[in-house]
There are 2 protein chains.
Amino acid sequence: MGISERKEREKEQRRNDIVDAAEKVFFKKGLNNSTMDEVAEEAELSKGTLYLYFKSKEEIHFEIKSRALIILKKMFHKSISENKTGFENCAEIGKAYVDFVKKHSNYYKAIIHFESSDCSICEFRDKCEDFFKEDNPLEFFVQIISKGIADGTIRSDISANVLAQTLWAQTNGILQFVSTKQKIIEFAGVKAEDIINSQFEIIKKGIKNK
Amino acid sequence: MGISERKEREKEQRRNDIVDAAEKVFFKKGLNNSTMDEVAEEAELSKGTLYLYFKSKEEIHFEIKSRALIILKKMFHKSISENKTGFENCAEIGKAYVDFVKKHSNYYKAIIHFESSDCSICEFRDKCEDFFKEDNPLEFFVQIISKGIADGTIRSDISANVLAQTLWAQTNGILQFVSTKQKIIEFAGVKAEDIINSQFEIIKKGIKNK
DNA sequence: ATAAAATATGACTACTGGTCATGTATTAAA
DNA sequence: TTTAATACATGACCAGTAGTCATATTTTAT
């Protein structure tokens with residue numbers, strides 16, 4: 001029987017609608033200035049219904065972050081030129097990330113939020129698994145690093161897994177810094193661009209083989 | 001007359017007492033689970049009085065972060081061996097930062113909080129200036145980098161200012177990652193230590209001259 | 001047609017950051 | 001010493017909001 005399947009689809013659809021509504025509200029007014037009542041109104045549902053589909057405001061926000069990661073992963077994929085070396089691919093991915101932050105700064109803020117807090121949501125085993133499944137750009141990055149190690153363009157004394165996580169965390173630090181500390185950066189008489197370029201230069205030297 | 005000065009001192013003292021109390025409460029229960037009433041009780045003052053000395057809960061938290069930066073800066077200073085090269089000093093500072101996070105994880109959380117949010121408190125010009133004054137470890141780091149460029153042990157194609165900010169932001173990314181994502185890291189079968197070592201290795205290669 | 005299950009509602013509660021009218025202590029002036 | 005003025009302290013109170021739950025409606029199964 002297809003009824004339960006249809007119901008499942010509808011439920012999924014409604015979850016999506018709620019996230020759509022939340023996105024509009026959160027992106028417009030910021031997470032902390034948005035209320036669940038506003039989200040409910042935007043979704044044309046009652047507040048109680050939101051809690052039928054999500055455990056908390058934070059969980060909706062987490063869903064937005066998941067969307068962000070999906071978009072980011074797609075941009076990573078698109079950025080790759082198959083005929084280039086793993087090392088060159090790495091630079092392409094880096095550029096794609098910078099691009100993503102420029103184009104989708106609101107989505108990036110959602111990523112920052114969950115990168116910088118040991119969110120209770122992530123405490124569940126299955127959410128950890130999520131982190132390394134479809135959603136996550138990191139897994140793809142590991143592949144590219146592996147390719148670079150295999151083709152001899154990336155240093156081989158650090159495992160692909162560790163290297164990928166290191167670069168991911170580092171780069172998040174940089175992007176977080178330039179996207180939340182603009183005033184301090186300009187006060188110091190530096191340009192965000194310079195910091196990003198500097199990051200690329202350091203990494204290039206830092207991971208190149210020999 | 002010394003009266004107004006004494007009053008000034010007393011006021012400063014009281015501010016400190018309040019921050020002491022807040023620290024106890026925040027560190028024990030976490031910022032979000034702590035209430036101003038609890039802080040008031042711990043400080044043996046009424047809640048209204050807290051607001052005579054601080055504009056908001058966030059401002060008290062900001063003060064805790066400032067303390068964290070002072071401690072960190074001291075550890076940076078202590079870590080330096082005068083007779084070594086700028087390049088070697090950089091590694092010492094890096095180690096000192098890792099040390100700080102281990103020893104003072106609560107203080108580090110306060111730093112993370114303000115590194116990862118474009119906090120409204122920092123919007124004022126004078127707070128930006130603070131960022132580069134007594135409190136801030138970054139200024140000292142710039143000096144060390146400059147030393148390294150001068151003694152030829154650190155690459156000179158990136159300005160000391162830019163390089164320092166880049167490394168600072170990067171390293172924050174790493175430390176934030178390992179201190180908030182332990183579960184994900186271990187789930188991936190990696191050790192936090194490995195990521196930190198990997199970071200050091202990349203940076204060493206990345207900033208060494210020639 | 002009817003019972004049961006699933007879904008939706010919005011008034012309500014609990015909590016908490018921040019305020020403010022009302023003190024009380026301290027200092028300056030008469 | 002008395003009085004006025006200023007600075008400091010208080011806690012009952014307010015406003016805003018995440019999350020709940022008894023009730024109502026719709027959908028499905030019998």
Side-chain angles (χ1 to χ4, degrees), chain A residues 1-26 28-64 110 113-114 117 119-121, chain B residues 1-26 28-64 110 113-114 117 119-121:
Chain A
M1 71 160 60
I3 284 179
S4 67
E5 284 152 22
R6 193 205 66 206
K7 283 222 153 194
E8 201 50 48
R9 268 203 318 278
E10 278 175 0
K11 205 164 175 173
E12 193 56 37
Q13 182 57 48
R14 177 136 290 186
R15 263 182 77 95
N16 266 316
D17 293 344
I18 292 173
V19 178
D20 284 342
E23 232 177 64
K24 271 187 202 153
V25 178
F26 292 175
K28 187 173 179 185
K29 311 186 62 180
L31 180 71
N32 290 326
N33 296 318
S34 304
T35 69
M36 289 299 270
D37 283 298
E38 289 171 311
V39 174
E41 171 149 25
E42 179 69 41
E44 295 176 317
L45 288 169
S46 74
K47 183 158 66 158
T49 305
L50 301 188
Y51 286 90
L52 243 51
Y53 291 86
F54 294 93
K55 235 176 55 263
S56 64
K57 187 183 181 184
E58 187 76 350
E59 193 170 286
I60 297 181
H61 197 213
F62 187 84
E63 206 57 37
I64 294 176
H113 179 88
F114 288 97
S117 70
C119 67
S120 50
I121 290 175
Chain B
M1 71 159 61
I3 285 178
S4 67
E5 284 153 21
R6 191 206 67 207
K7 283 223 152 190
E8 200 50 47
R9 269 203 317 279
E10 280 175 359
K11 207 165 172 171
E12 193 56 37
Q13 182 57 48
R14 178 137 289 186
R15 263 183 78 95
N16 266 317
D17 293 344
I18 292 173
V19 178
D20 285 342
E23 232 177 65
K24 271 187 202 152
V25 178
F26 292 175
K28 188 172 179 184
K29 313 184 62 180
L31 181 71
N32 289 327
N33 295 319
S34 304
T35 69
M36 289 299 269
D37 283 299
E38 289 171 310
V39 173
E41 171 149 27
E42 180 69 41
E44 294 176 317
L45 288 169
S46 73
K47 182 159 67 160
T49 304
L50 301 188
Y51 286 91
L52 245 48
Y53 291 86
F54 295 93
K55 237 178 51 263
S56 65
K57 187 183 182 185
E58 187 77 351
E59 192 169 287
I60 297 180
H61 197 215
F62 188 84
E63 205 60 35
I64 294 175
H113 179 88
F114 287 98
S117 70
C119 67
S120 49
I121 289 176

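Below, chains carry the letters A, B, ... as their sequence lines are ordered, and counting in each starts from 1.
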Residues touching DNA chain C, which here means a heavy atom under 4.0 Å, drawn from residues 36-47 of chain A: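 L45(A), S46(A) - these, ordered by number, are the residues of the stretch whose heavy atoms sit under 4.0 Å from the strand.
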In chain order, what residues pass the side-chain hydrogen bond (donor to acceptor under 3.5 Å, both in side chains) check against [X], with sequence neighbours excluded?
| X | value |
| --- | --- |
| H113(B) | E58(B) |
| K28(B) | none |
| T49(A) | S46(A) |

Touch class at under 4.0 angstrom, heavy-atom based, for T49(A) against every strand present: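 Base: the residue T49(A), judged by heavy atoms under 4.0 Å, touches a nucleobase.
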So, using salt bridge (Lys or Arg N to Asp or Glu O under 4.0 Å) as the criterion, who are the partners of [X] when residues are at least two apart?
| X | answer |
| --- | --- |
| K47(B) | D37(B) |
| K29(A) | E38(A) |
| E44(A) | none |

N or O in side chain of R14(A) less than 4.0 angstrom from dT7(C) OP1/OP2: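 No, outside the criterion.
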Side-chain N or O of Y53(A) closer than 4.0 Å to phosphate OP1/OP2 of dA8(C):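 For dA8(C), OP1/OP2 do have a side-chain N/O of Y53(A) under 4.0 Å.
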Going by atom type alone, with no hydrogens or angles, which donor-acceptor pairs under 3.5 Å involve a side-chain atom of residues 15-26 of chain A and a protein atom two or more places apart or on another chain?
from	atom 1	to	atom 2	distance (Å)
R15(A)	NH1	Y53(A)	O	2.9
R15(A)	NH2	E63(A)	OE1	3.2
N16(A)	OD1	R67(A)	NH2	3.2
D17(A)	OD1	Q13(A)	NE2	2.9
D20(A)	OD1	R67(A)	NH1	2.9
D20(A)	OD1	R67(A)	NH2	3.0
E23(A)	OE1	Y107(A)	OH	2.9
E23(A)	OE2	R67(A)	NH1	2.8
E23(A)	OE2	Y107(A)	OH	2.9

What N/O pairs connect the protein and nucleotides 22-26 of chain C at under 3.5 Å? Give each pair on its own line.
none

L45(B) CG to Y51(B) OH distance, which is reported to the nearest 0.5 Å: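 L45(B) CG to Y51(B) OH: 13.5 Å, rounded to 0.5 Å.
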